[in-house]
Structures are given as structure tokens and as C-alpha cells.
K.L.:
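Supplied in C-alpha cells, the structure appears directly below.
One-based numbering, in listed order, for ligands and for the atoms of each.
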Amino acid sequence: MHKDTVELVCNVGELVTLFESKAGIEGFLQKVISLVAYHMKAAVCSVFMYDEATQELVLTANQGLNPDFVGRFRIKLGEGLVGHTLKTLRPVREARAYENPQFKPVQGMGEEHYQAFLAVPIILGNRRVGVLAVQDPQPDYFDDNDVKALRAIAAQLASAIEGARLLMGIEKPGTAAPPKTNAEPEPHDKGCRRFVRGIAASEGVAMGKALDITASSRDWLNMPFTPAVALSEEDFLRAMRKTEDQLADIQRQIGERMSDVATLIFDAHVLILKDSGFSGEMLERIRKGQSPDQAVREVVTKYITLFSKSSHPAMREKITDIQDLGLRLLSNLLATPDDSVDYSGRIVVAGDMRPSDLLKLSAQKAEGLVLGGGGVTAHISVLARSLRIPLVVVNEPLVLQTAEKKEILLILDARQGSVLVDPAPDVIERYRILIENDRKTLETAIHVLPQTTTRDGERIQLLANINLLSEVSTAQRFKAEGIGLYRSEFPFIVRNYVPSEEEQYRIYSRLLDSMPDREVILRTLDLGGDKILAYYPSAGESNPFLGLRAIRFTLRNKDIFCQQLRAMLRAGANRQLNIMFPLISSLDDFRQAREVVESCELALRNEMVPHNASPRLGAMVEIPSAVELAPDIAREADFLCIGTNDLIQYTLAVDRTNQMIADYYVPHHPAVLRSIHRVAKAALTAGKPISVCGDMAGDERLVPFLVGIGIRKLSMEANRIPRIQAIIAALTQDGSRTLAEDLLKLGSVKDVEARLGMVR
Ligand code: PEP
Ligand code: MG
């Protein structure tokens, strides 16, 4: 009878993500412990929850002991093996529990049959949440791996339990009714007026008043308003100076943090502000007798009307700049509180959003974001994760937009994927504590080893995906072994012009310097699809994901391509340089791209500019045609990288940004698994390095499969590394190979789910 700890950890992860408050926390925990007991082949499994008020642990869910004790049995912190586990915050493992002097037998509970004992603390940040324990009649039954697995589960349970408690407003663990069965009341009605379920696209928790950005700017400008005292030209000039100072301040703050993308975000505002057609005209109107606030309103409205008539996208792009600026100026003029232009304390609600807007929101300190469209792998979500802005994508943004009108508080729980509208005071208090704890946890050290190996010693490299330079420090903190994907397009998307070769050179050099002696893979521009340059003429395609995207765009726009390649080759002088092309659909694409690199290299050589003369060139496999041609591409490319986000989208014909069909976007679809396997085989046969860099590389349910088909390099969002490292540490090569072989024989999604033990 072998224990299957990997599957167990994955299953619990799955349970946590599917956690619905319907069954109550006890129902949820009951499911968890049945899973743990089943996979660990343990006779007893229990969860004790800690009640801070009484400093007692309550048996909240159990399998294997006398059920009468559930919800009733309490033990003091520090008492017995369980209390000791939580007090010392260390696992306790005993071959024979009763030999430990701390062991405290309880009459009638039925523990006397069980000798082996293992308990781990459940902790969130520095807060005690409870204890997870297993017992078995066979002495010395639990080993080191069981400790690891149980700890991994406890880590996941901590946030789920916390989330459940918050959602359901449970006051005291254990004092609640015994495990609930059917006919539950709608639990979220208890804690808040409304509960909107969505998809968590960027993790985190935030709280604040709703702010519908599209509506608010317009409303504000149109709002009839009479100042208490008549405003003068001097007031207007003071407001101008204040606005300028504020913009300079924002520039400075974000410039230091995000030099690659942010330098010029607010430059547009400054330029417009100083334009004689803008502030000059306002001043003229004021001098002719118009009130300053009216002058601001009218000039701003005039420009908005003008720009909205333009057929040029870059002009239309300016509308939000003008709106933002008008709002800021008015607010300074009328001396309303600064928070009307600063988004701190606000949860921004919008139908959709461009990356540059998101960057501005981040700079202006928005707490969180609710979007009415887009999927988890859509690039706006990717950017939100890079900027660490919690984001939930919902189907009913209207509910939240109305919330704004009433100044209602929202809680954005982007771990569970929910939005709580107008929550009750105790729920607010709990979330306040949670947000504070999250902040503290961020500051504490994380446990991650510099190298990752399977249980039987096979090395697997874990690298980080990076979109912004500011993320490099996160990658270093999580001990990434390199950067497996640098999405070079972000500096392009957020500017209002194409960054020059010099600017790009500086960005790539900083990136490469941040990881000396480590592998860094620079991906060339992946524009198109949902990543449009607002300032660049676009073809107005009706199917942009099937259009002029990624390598197709750069091959058509060789000036932009060459500028980028020159910057990359120069930055890679005197070190290993890896350049990767996205969305390769044929060998011909790859060859053409390689020729452009060669021509850039030749030009640099002729100009005698220091550069890397022999970069390693890789192809991303993310289209079914490239899967088909993988052996051919592998022969010519220096390395392959599977972009699963797009591969899933194109294999299954599911728009990755369309939330309405998100249930068709199935990473574990048999067709996807077989495609990935074919690509891995092609690369291994050709003796070329292969990596996976889509979200699947950080998906704990599928990593065992990837290892099983021979993938030894995974690139993911850096904060996934500790979790994936733990999953891999519990794997064996034989075990993962068997799993992969089994999965590759299956033809239906349901069968794959059953084999993966996924909970549906
Ligand atoms: C992918 O498609 O899996 C990938 C990593 O690229 P992106 O998400 O940037 O399209
Ligand atoms: Mg892709």
C-alpha cells in the first residue's frame, strides 16, 4: 500500500480553489480530511481549529474517531500533542504517540487503537489557525515525505479556512453547529449585502470604495457646481502649479520603481497641461470673465469632443489623458480632497482596460480592480499580476458600478475570486486583519531552496517569467534559476511611442545584469491579439488573435524588429544570449526571423559596435502547426519553449480572453497533453533544450505530467516557485512517467480528471 502524497497535495489544491461556502467550513474540512486519509492511507485524520479568544483548539472535522467529539472536544494551546504542535509551530511526528509524555489520552474518543501520530500546524502569516493531524495503528507509519506533504496541505488550508471564516462570518470555531448537511442558507447573505463571484486573475485582497472610472470622469466634469466663493485667476494659477507638482511627484515615484515602462506615462499629462491651446485657452477665457472652473470644464470638453472624432487611435487614446487631467485640475481648483484623483482607498471597476491605464492606476495607488471582461491569461491579467494589483474578472460589473453611486464599500477577495458588496462590520474587521497579515507575510522570509530536485534526485530547473523590470527582485527572492521568458512587449504597450534602440538597450542590459551567469531568455515582441499599440496604425482586424500577431507583426515591420534585435544583441555582448521568437507557425517563419538576426549582427559588426555575435535562437511552440513540425523546427532552432497559454487557445479554438467560454479553456484536455508530449519528444530526440513557459508550468496539477514526459525546465510566475518546488520534491521519475503514460492513453477530459484525481 503506497501513499500518494503528490496526488494528495494536488487534490487539496484543487479543493481549495473550488471551495464554495455552501457546505460550510466544516463540510469543506470534512472533504479535505477524507482526501488526506484516503491518499495517505491513514486510519484517522483530524482538523483542529484555533479559537484565539479562548486559546483553545476545537476538533472541527474528523474521520476515524468517535464522531460525537466533533465540534465539542476542546484542548488548550500547549496541551497534548495537538496543543503542543500549535504552540511550538512545529510538526510533531511520533512512532508511538503514547511514548511521548505530552500525549494526553481522552476517554471515549477511540484514540487508543492508534500508535503512529503526525500533526502539523496551520499558520497564516504569523497567525495560528489550527492543526492538521493523522494517526494510524501501525507504529512508525509516517515518514519525512508525509511531513512535507501534510505541511504543504496545511499551507493551502490556512488561506482557505481564513477565507471561509471571513465569508461566512463565523465567530468562533467549534461553537458553530456540527457539520452541516443539506439545505444551507445562502452563507454570503450573512456577511454582506451582495456577493459577486468571479475569476481571480491576480491574487490578493483589497478593500475600498467602488470607483467606476469611465463614468466618474465624465460625471465629474459635467456636474453643475457653484463654488462657495468666486474663484480668481490666481486660484487657477495655484491649481496649475499644484497639478504640475503632483504629476512630477508621481513621475518620480514610479520612475524609480519601474524605469522600463513608467518613465513617460504622465509626460502626456504634463505636455497637455502646459500646452497653450489647453491651459492657455483656459487662462484667456478666465481673463475674459469666465469662472475658472467653467473654463476648465469647457476646454476639457472641447478637446474630448475633438479627439473622439479623430480616426487615429493614438488621438482617441488621448481622451483618457485629457479626462484625467481635467479631473485633477478641477479637483485642485475646487480644493476637493486629493483622493478624487489619487486612487488609494479605491477599488476601480471597469468594463475593460488597456495596459497603459492599468499602469496609471498602479501609479496612482488603486487598491484593486474589478473588470467586466478578459480571462486569467489575458495580458491585462498578466500585467496586473506583475504590478501586484488584485484583480477579479466578473460577469456583472453593473452591480458594482451602481455600488459606486452609493459610495459603497467593496471587498475584493482575489484569492477566492469574489467581490463582497457592502460587507458587514465584522467581515470588514476580519479582512482588515487579513490584509495586514498578508502585508506582514510579504515581508517575512520565504522558504525555498536554490535548486529543485525530485525525490529520486533528478534536477528540474525553475525559472521566472518577467514582464516588468520591477519583478526581477521577486524572481531573486524566490530563487529563480534564471528568466525563462521576458515578455519584451510591455515597455512598448505602455508608452505612446516605440521605444528607441537606446532605451531598449538599457532595459535589456539591466535585465541581463540582474541575473549574471544565469540563463535569461528574451522573447521578441509579441504584439497583436489583445496587445495592441494604441499609437501604431492597426489593421482593425476582426480576428486579431488569428491576425498579424507576434513574429508575423515583426516580420512585417522590420524596422521595429531590427531596432529590437540590435538592442538585444548589444545588451548580450560578452555573455550568453538567448533570443526567442513567439508564435512560430512554420520552419519558414523561423528561418526568416533568423535571417533578420543575422543581418542585424552583420550591421553591428560593420559598425564595430560591441555585441553578441552568436546568440542562441529559440522558437516558441504555441500553434498546432508548430507541434506538427516540431521535429523539423527542433533540428534548426537552438532551443524550444512551449507557450501553453496560446497552445491551449489555438488547439481548442478558445479565445483565452473570453471569460464566457472559460470552461472550454481546459489545460488538461487530452489533445493539449498529447501535443505537448509530441513537442517534448521532438526536442529530446533532436538533443535540444526544451522548456514550458505558459501558466501550465506553474500548475501543480500538471507539473507531474510535464516531468513525466521529460520536461526539465519550467518557467513560471516567480511566486509559484516554492509551491512547485514542493510538488516536485515529492515526485519520483518512475511515478511521474507512469502518470504521463496513463494520461496519454486517455481520450476524454473526464477520464483525465479522474486520473488526476481532480475534484469537480
Ligand atoms: C504562452 O502563450 O503560453 C506564453 C507564455 O506567452 P504569452 O502568455 O505571453 O502569450
Ligand atoms: Mg503566447
K.L.:
Of the side chain and backbone of Asp526, name the one, both, or neither that has a heavy atom under 4.0 Å from an atom of ligand 1.
P.N.:
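Within the 4.0 Å criterion, Asp526 contacts ligand 1 through side-chain atoms alone.
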K.L.:
Restricting to N, O or S atoms, which atom of Asp646 is closest to the Mg ion (ligand 2)?
P.N.:
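For Asp646, the N/O/S atom sitting closest to the Mg ion (ligand 2) is OD2.
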K.L.:
Should the proximity of Arg523 to ligand 1, defined as any heavy atom under 4.0 Å, be assigned to the side chain, the backbone, both, or neither?
P.N.:
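Side chain only.
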K.L.:
For Arg549 and ligand 1, answer yes if some heavy atom of the residue is under 4.0 Å from a ligand atom, otherwise no.
P.N.:
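It does; at least one heavy atom falls under 4.0 Å.
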K.L.:
Which heavy-atom pair separates Ala567 from Glu501 by the least distance, and what is that distance?
P.N.:
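Minimum heavy-atom separation between Ala567 and Glu501: CB-O, 3.6 Å.
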K.L.:
Could you tell me if the side chain of Leu739 sits less than 4.5 Å from the side chain of Arg755, heavy atoms only?
P.N.:
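They are in contact (side-chain heavy atoms under 4.5 Å apart), so the answer is yes.
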K.L.:
Hey, which atoms in ligand 1 end up nearer than 4.0 Å to a heavy atom of Cys693?
P.N.:
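Going through ligand 1 atom by atom, the ones under 4.0 Å from Cys693 are 5 (C).
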K.L.:
Tell me whether Asp663 at atom CG has more than 12 heavy atoms from other residues, nucleotides or ligands lying less than 6.0 Å away.
P.N.:
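More than 12 within 6.0 Å, yes.
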K.L.:
Polar-atom distance check: Arg656 versus ligand 1, any N or O pair below 3.5 Å?
P.N.:
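It does: an N or O of Arg656 is found under 3.5 Å from an N or O of ligand 1.
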K.L.:
Using a 4.0 Å heavy-atom cut-off, which part of Asp695 comes near ligand 1: side chain, backbone, both, or neither?
P.N.:
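Neither part.
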K.L.:
Less than 4.5 Å apart, side chain to side chain, heavy atoms only: is that true for Val472 and Leu511?
P.N.:
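With C-beta onward as the side chain, the pair touches.
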K.L.:
Supply the atom-to-atom distance Leu485 CG to Arg523 CZ, rounded to the nearest 0.5 angstrom.
P.N.:
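It is 5.0 Å, given to the nearest 0.5 Å.
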K.L.:
Mind listing the closest non-hydrogen atom pair of Arg656 and Tyr665 along with its distance?
P.N.:
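Smallest interatomic distance, heavy atoms only, reads CB-CE1, 3.7 Å.
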K.L.:
Applying salt bridge (charged side-chain N to carboxylate O under 4.0 Å, His left out) between Glu481 and each of Arg712, Arg518, Arg459, report the one that passes.
P.N.:
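Among the candidates, only Arg459 passes.
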K.L.:
What's the atom name of the N, O or S in Glu622 nearest to the Mg ion (ligand 2)?
P.N.:
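For Glu622, the N/O/S atom sitting closest to the Mg ion (ligand 2) is OE1.
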K.L.:
How close do Leu358 and Ala384 get, counting heavy atoms only, and between which atoms?
P.N.:
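Looking at all heavy atoms of both residues, the closest pair is CD2-N, 3.6 Å.
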K.L.:
For atom 1 (C) of ligand 1, which candidate among Leu583, Asn467, Asn645 holds the nearest heavy atom?
P.N.:
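Considering heavy atoms of Leu583, Asn467, Asn645, the nearest to atom 1 (C) of ligand 1 sits in Asn645.
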K.L.:
Give the atom numbers and elements of ligand 1 that come within less than 4.0 Å of a heavy atom of Leu485.
P.N.:
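Those of ligand 1 that fall under 4.0 Å from Leu485 are 5 (C).
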K.L.:
Pull out every atom of ligand 1 sitting under 4.0 Å from any heavy atom of Asp646, numbered as shown with elements.
P.N.:
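In order of number, 1 (C), 2 (O), 3 (O), 10 (O).
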